[in-house]
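Reading through the structure tokens given below for one structure.
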Amino acid sequence: MDKRKVILISVLGFLLVVLAFLFFKNSGRERIKKAEEIPQPAVSTQAPVEKSIRKVTLFFLREEDSKLIPEERDIVSDPSTVREAEEVIAELIKGSQTGLVSSLPAETKLVQLFITKEGVAYVDFSKDLVDKHPSGSTAEISTVYSIVNSLAYNFKPIKKVFILIEGEERETLGGHISLDHPFLPDYSLIFKE
């Protein structure tokens, strides 16, 4: 063996012995802090941060003339348009607070909502939207445009709305309006005083 290999093996052997010594020396003495040594979290003296509120406009059906009537609600403001849009849908599902016809069955759940860069909001509902939906073309129109107008009216990034059921495209809600494309808002359905 040449002299360099012998020196290298000797140095590595020495380092191995030192590391083994340090490992076994400290392994048997695990230190446990006494209760008084454990730092306690600082108690905050500041008041909890209040969440800011944003007013939004929802649209519900007025039975006598089949017009959509605006109804204001407060939602928690959020930097995420998606989270605020989810809150708007949740409020639509809760229904009208002024006696108007709720356009979504109360059993409906929002499965997912996302918005593309092109401004298309994909709103995915549970199958309760179809199973519990009242029949008739007026009911379908009010459901579709209650969703579409409420989202587009309140959120400038949303230009169109595509309605999905359980992650799938559906032909219609109840046989009247085709759901195979995204909808533009139709503000002509809104009652104007």
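In this text, all values refer to a predicted model and were calculated from it rather than measured experimentally.
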field: Nearest-0.5 Å distance, CD of residue Glu86 to OG1 of residue Thr81
entry: 11.0 Å

query: Would you call Arg54-Asp74 a salt bridge at under 4.0 Å N-O?
result: no

message: My understanding is that only residues two or more places apart in sequence, or in another chain, count here; which of them pass side chain to side chain donor-acceptor pair (under 3.5 Å) with Asp186?
response: Ser188

task: Kindly write out the residues that satisfy ring pair (Phe, Tyr, Trp, His ring centres under 6.0 Å) with Tyr145, not counting sequence neighbours, or none if the list is empty.
output: Phe183

- line: The salt bridge (Lys or Arg N to Asp or Glu O under 4.0 Å) partners of Asp78 (sequence neighbours excluded) come to Arg83

Separation between CD1 of Ile115 and OG of Ser80, rounded to the nearest 0.5 Å: 7.5 Å

task: Quickly, which of Asp128, Thr108, Thr143 forms a side-chain hydrogen bond (donor to acceptor under 3.5 Å, both in side chains) with His133? Name it, please.
output: Thr143

- prompt: Who passes side-chain contact (heavy atoms from CB on, under 4.5 Å) against Ile89, sequence neighbours left out?
  reply: Leu92, Ile93, Leu110, Leu113, Val123, Phe125, Ile147, Leu151

query: Residues two or more places apart in sequence or in another chain: which of them pass side chain to side chain donor-acceptor pair (under 3.5 Å) with Asn154?
result: none

- prompt: Which pairs, with at least one residue in residues 92-117 and sequence neighbours excluded, count as a salt bridge (charged side-chain N to carboxylate O under 4.0 Å, His left out)?
  reply: Glu91-Lys94

- prompt: Which residues pass the side chain to side chain donor-acceptor pair (under 3.5 Å) test with Ser178, sequence neighbours left out?
  reply: Asp180

message: To check you understand the geometry: which heavy-atom pair defines the closest contact between Ser126 and Ile165, and what is its length?
response: O-CG2, 4.0 Å

message: Just to verify, what does Thr116 make a side chain to side chain donor-acceptor pair (under 3.5 Å) with, not counting sequence neighbours?
response: Glu118

message: Show every salt bridge (charged side-chain N to carboxylate O under 4.0 Å, His left out) that has at least one partner inside residues 149-177, sequence neighbours left out.
response: none

query: Has the side chain of Ser96 got a donor or acceptor atom that lies under 3.5 Å from a matching backbone atom of Val101?
result: no

- request: Taking all non-hydrogen atoms of both residues into account, name the closest pair between Gly167 and Asp124 and its distance.
  value: N-OD1, 2.7 Å

- prompt: In the single-linkage hydrophobic clustering (I, L, V, M, F, W, Y; side-chain heavy atoms under 4.5 Å), do Leu164 and Leu104 co-cluster?
  reply: no

Hphob cluster co-occupancy, Tyr153 + Ile141, side-chain heavy atoms under 4.5 angstrom: yes

From Arg62 atom CZ to Leu68 atom CG, the distance as rounded to the nearest 0.5 Å: 10.5 Å

- prompt: Applying the 4.5 Å side-chain criterion to the ILVMFWY set and letting contacts propagate, would Val144 and Val111 be lumped into a single cluster?
  reply: no

- request: Kindly indicate, with the supporting measurements, whether the criterion side-chain contact (heavy atoms from CB on, under 4.5 Å) is fulfilled by Glu84 and Ser77.
  value: CA-CA 7 Å; Glu84 286 187 344; Ser77 182; 3.5 Å; yes

message: For a side-chain contact (heavy atoms from CB on, under 4.5 Å) check, start with the C-alpha distance between Ile177 and Thr172, then their side-chain angles and the critical distance, and finish with the verdict.
response: CA-CA 5 Å; Ile177 296 180; Thr172 66; 5.8 Å; no

statement: Here the pair of heavy atoms bringing Leu129 nearest to Pro105 is CD1-CD, 3.7 Å

task: Please report the closest heavy-atom contact between Pro185 and Ala152, naming both atoms and the distance.
output: CG-CB, 3.7 Å

- request: Indicate if Val148 and Leu184 have the same hydrophobic cluster label, given that clusters are the connected sets of ILVMFWY residues with side-chain heavy-atom separations under 4.5 angstrom.
  value: no

message: Assess the residue pair Phe155 and Val88 against the criterion (side-chain contact (heavy atoms from CB on, under 4.5 Å)); give the C-alpha distance rounded to whole Å, side-chain angles, the decisive distance to 0.1 Å, and a yes or no.
response: CA-CA 10 Å; Phe155 306 104; Val88 165; 3.7 Å; yes

- request: Would you kindly confirm whether Tyr187 and Phe60 end up in one hydrophobic cluster when ILVMFWY residues are joined by side chain heavy atoms under 4.5 Å apart?
  value: yes

field: Chi angles and distances behind the side-chain contact (heavy atoms from CB on, under 4.5 Å) call for Leu61, Ser103
entry: CA-CA 7 Å; Leu61 179 69; Ser103 46; 5.6 Å; no

message: Could you work out, with salt bridge (Lys or Arg N to Asp or Glu O under 4.0 Å) as the rule, every residue matching Glu87, not counting sequence neighbours?
response: none

task: With sequence neighbours left out, write down each residue that passes salt bridge (Lys or Arg N to Asp or Glu O under 4.0 Å) with Glu71, or none if nothing qualifies.
output: Arg73

query: Which pairs pass ring pair (Phe, Tyr, Trp, His ring centres under 6.0 Å) with one or both residues in residues 63-122, sequence neighbours excluded?
result: Phe114-Tyr122, Tyr122-Phe162

- line: d(Ile69 CD1, Ile190 CD1) to nearest 0.5 Å is 9.0 Å

